[in-house]
A.B. asks: 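For reference, the structure I am asking about is given below.
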2 protein chains.
Amino acid sequence: MRGTVDMNFLFTLGEVQRMVRAYADRQAARYGITRAQWAVLAKVERTEGLKQSELAEQMEMQPITLTRLIDKLCDNGWIERRGDENDRRVNRLYLRKAARPLLGKLAGLRSELTATALDGINPTDAHRLLDQLDLIKENVRNAIQNPAGEPPRKEQRYG
Amino acid sequence: MRGTVDMNFLFTLGEVQRMVRAYADRQAARYGITRAQWAVLAKVERTEGLKQSELAEQMEMQPITLTRLIDKLCDNGWIERRGDENDRRVNRLYLRKAARPLLGKLAGLRSELTATALDGINPTDAHRLLDQLDLIKENVRNAIQNPAGEPPRKEQRYG
DNA sequence: GGGATATAATAAGCTTGCTTATGATTTCTG
DNA sequence: CAGAAATCATAAGCAAGCTTATTATATCCC
């Protein structure tokens, strides 16, 4: 049983995500934004005033990757960096008014894309799928943090 | 119900795949290969003698993306391009002997990575997950082929 | 207070994905 | 057979991920 999963999981995940990304990028391009930039913008919408480093951590990406996405969002006038009053190293991120109409359109697009991708999967299964993806993310995060040879301690969860 | 799936699916998929890719790349680096190159090598192993264009189609990637991965695999002496006798535009791809030991190690690594990622998901669920990923891939492929406004015909499957 | 250390953001340069374009063939058609 | 169209591989240049290194600023500790 496990054998056939071995055969396919790793590469299938890559292919799926590549196709979903290509599709989402193409659709988002209608609004002059990419999927990666969109993810950042959506996060800033939900939690304004974050520092870049906090945002990078929450999005599980490297700060430098984020820096360049933010550059684009600023260039387009959708968000802005404001220096922190107490720590001059820090930039905090805020939405600009120009982003509002875009965010409305993107919310519709997200529903549309999700519905397309998940067509034929009922809501119960869709939820389970999402939960499993989160679990996989957690598993991999642990694996990255506990370097290879060590016993799988799973962050003392069961301790 | 569907609302919460809307909220997360698109970006969660991206995050999961980014983490899995980072992890798989780091592990594969021990053998001097990347995950993307590995996928190509594994495909060539299973079906030697393919042309590049056929391979690109089967792997759902653009020919130019594949060209550069093949460049790397050839540079490392794991595969070789041989000109087709009947069509001088065509290169056909073959394994070289030097790839054999590597392929053995990679098979072990794949099991290990898959087991790590799927830890806590039982085989039945893992199979369902894989099936759902394939379904999503199919859905997106159809969406890309049937440009946006059209009725979703799904390739006459039910016809 | 001042030097060592840590943190925030960015820079440089790589990989792997993409789109669009080009050159070399082959195939189709008239 | 010759010119048009298609196909195969590659090139150029962009996006977005990464690692490693750099600069500016804060913080810690003596």
Side-chain angles (χ1 to χ4, degrees), chain A residues 11 13-29 32-41 50-76 81-93 140 144, chain B residues 11 13-29 32-41 50-57 59-76 80-93 140 144:
Chain A
F11 298 144
L13 180 64
E15 287 179 22
V16 170
Q17 198 274 341
R18 193 164 62 227
M19 294 193 71
V20 171
R21 176 164 54 80
Y23 183 54
D25 273 342
R26 184 173 312 191
Q27 297 300 313
I33 194 171
T34 67
R35 194 204 82 278
Q37 293 166 30
W38 173 10
V40 175
L41 183 60
L50 281 178
K51 333 191 244 192
Q52 294 188 197
S53 52
E54 290 167 342
L55 187 55
E57 191 183 349
Q58 290 185 23
M59 298 191 70
E60 321 247 18
M61 60 170 60
Q62 299 302 307
I64 181 59
T65 302
L66 186 60
T67 292
R68 294 204 278 194
L69 294 173
I70 292 170
D71 286 346
K72 300 283 170 51
L73 293 172
C74 288
D75 288 349
N76 283 305
R81 293 176 166 104
R82 295 189 205 155
D84 184 287
E85 292 183 354
N86 302 318
D87 188 339
R88 279 190 293 170
R89 293 170 306 180
V90 171
N91 292 328
R92 295 189 176 276
L93 301 172
V140 174
I144 289 173
Chain B
F11 298 143
L13 180 63
E15 286 178 22
V16 170
Q17 199 273 340
R18 193 164 60 226
M19 296 192 69
V20 171
R21 176 164 54 79
Y23 183 53
D25 273 341
R26 184 172 313 189
Q27 297 299 314
I33 193 170
T34 68
R35 194 204 81 276
Q37 293 166 30
W38 173 11
V40 174
L41 183 61
L50 281 178
K51 335 190 244 193
Q52 293 188 198
S53 53
E54 290 167 343
L55 188 55
E57 192 183 349
M59 299 192 68
E60 322 246 20
M61 61 170 59
Q62 299 301 306
I64 181 59
T65 301
L66 186 60
T67 293
R68 294 202 280 192
L69 295 173
I70 292 170
D71 286 346
K72 299 284 169 48
L73 293 172
C74 288
D75 289 349
N76 282 305
E80 61 185 353
R81 293 176 165 104
R82 295 188 204 156
D84 184 287
E85 293 183 354
N86 302 319
D87 187 339
R88 279 189 292 170
R89 294 169 306 180
V90 172
N91 292 329
R92 294 188 178 277
L93 301 172
V140 174
I144 289 173

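Quick note: numbers below take in every heavy atom, side chains included, and nothing from hydrogens, waters or symmetry partners. This one's a predicted model, so the numbers in the text were calculated from it and none came from an experiment. Chain letters run A, B, ... following the sequence lines, proteins first, then strands; residues in each count from 1.
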A.B. asks: By salt bridge (Lys or Arg N to Asp or Glu O under 4.0 Å), which residues pair with A:Arg82, not counting sequence neighbours?
C.D. replies: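 Only A:Glu80 meet the salt bridge (Lys or Arg N to Asp or Glu O under 4.0 Å) criterion with A:Arg82.
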A.B. asks: Assuming nearest nucleotide by heavy-atom distance, tell me which of A:Arg35 and B:Pro63 is located more 5' along DNA chain D.
C.D. replies: B:Pro63
A.B. asks: Any residue in residues 68-76 of chain B with a heavy atom nearer than 4.0 angstrom to DNA chain C? Just list them by number, or reply none.
C.D. replies: B:Arg68, B:Leu69, B:Lys72
A.B. asks: Can you sort out the partners of B:Ala28 under side-chain contact (heavy atoms from CB on, under 4.5 Å), two or more places apart, ordered by chain and number?
C.D. replies: B:Ile33, B:Trp38, B:Leu109
A.B. asks: How close or far is atom C1' of C:dA8 from atom CG of A:Leu66, stated in whole angstroms?
C.D. replies: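 So the CG-C1' distance, A:Leu66 to C:dA8, works out to 12 Å.
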A.B. asks: List for me each residue that meets side-chain contact (heavy atoms from CB on, under 4.5 Å) alongside B:Ala39, sequence neighbours excluded, and say none if there are none.
C.D. replies: A:Phe11, B:Met59
A.B. asks: In whole Å, I'd like the distance from the CD atom of B:Gln17 to the C1' atom of C:dG17.
C.D. replies: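 So the two atoms are 11 Å apart, to the nearest Å.
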A.B. asks: Using the side-chain hydrogen bond (donor to acceptor under 3.5 Å, both in side chains) criterion, which residues pair with A:Gln37? Sequence neighbours excluded.
C.D. replies: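 Once residues adjacent in sequence are excluded, the partners of A:Gln37 under the side-chain hydrogen bond (donor to acceptor under 3.5 Å, both in side chains) criterion are A:Thr34.
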A.B. asks: Answer with base, sugar-phosphate or nothing: what part of the nucleic acid does A:Glu54 contact at a heavy-atom distance below 4.0 Å?
C.D. replies: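 Since no nucleic acid heavy atom lies under 4.0 Å of A:Glu54, the category is nothing.
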A.B. asks: Enumerate the residue pairs fulfilling salt bridge (charged side-chain N to carboxylate O under 4.0 Å, His left out) with a member in residues 19-28 of chain A, sequence neighbours excluded, ordered by first and then second residue.
C.D. replies: A:Asp25-A:Arg35
A.B. asks: Tell me the closest heavy-atom pair linking B:Val90 and B:Lys51, and the distance in Å.
C.D. replies: CG1-CD, 3.5 Å
A.B. asks: For A:Asp87 and for A:Ala36, locate the closest nucleotide of DNA chain D by heavy-atom distance; then report the residue assigned to the nucleotide nearer the 5' terminus.
C.D. replies: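 Taking each residue's closest nucleotide, the earlier one in sequence belongs to A:Ala36.
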A.B. asks: Could you check whether B:Arg81 gets within reach of a base, just the sugar-phosphate, or nothing at all, counting any heavy atom under 4.0 Å?
C.D. replies: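 Touches sugar-phosphate only.
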A.B. asks: Can you tabulate the close N/O pairs, meaning under 3.5 Å, that link protein atoms to atoms of nucleotides 19-24 of chain D?
C.D. replies:
residue : atom : partner : partner atom : Å
D:dT19  : OP1  : B:Arg26 : NH2          : 3.3

A.B. asks: Can you give me every donor-acceptor pair (side chain of residues 64-75 of chain B, partner residue at least two apart or in another chain, under 3.5 Å) with its distance?
C.D. replies:
residue : atom : partner : partner atom : Å
B:Thr67 : OG1  : B:Pro63 : O            : 3.0
B:Asp71 : OD1  : B:Arg81 : NH1          : 3.3
B:Asp71 : OD1  : B:Arg81 : NH2          : 2.9

A.B. asks: By the 4.0 Å heavy-atom rule, please label B:Asp25 as base, sugar-phosphate, or nothing.
C.D. replies: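 Counting heavy atoms under 4.0 Å across all strands, no contact is made by B:Asp25.
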A.B. asks: Tell me every residue that passes side-chain hydrogen bond (donor to acceptor under 3.5 Å, both in side chains) with B:Arg92, counting only those two or more places apart in sequence or in another chain.
C.D. replies: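 So B:Arg92 forms a side-chain hydrogen bond (donor to acceptor under 3.5 Å, both in side chains) with B:Asp84.
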A.B. asks: Using a 4.0 Å heavy-atom cut-off across all strands, classify B:Ser53 as base, sugar-phosphate, or nothing.
C.D. replies: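 Counting heavy atoms under 4.0 Å across all strands, the contact made by B:Ser53 is with sugar-phosphate only.
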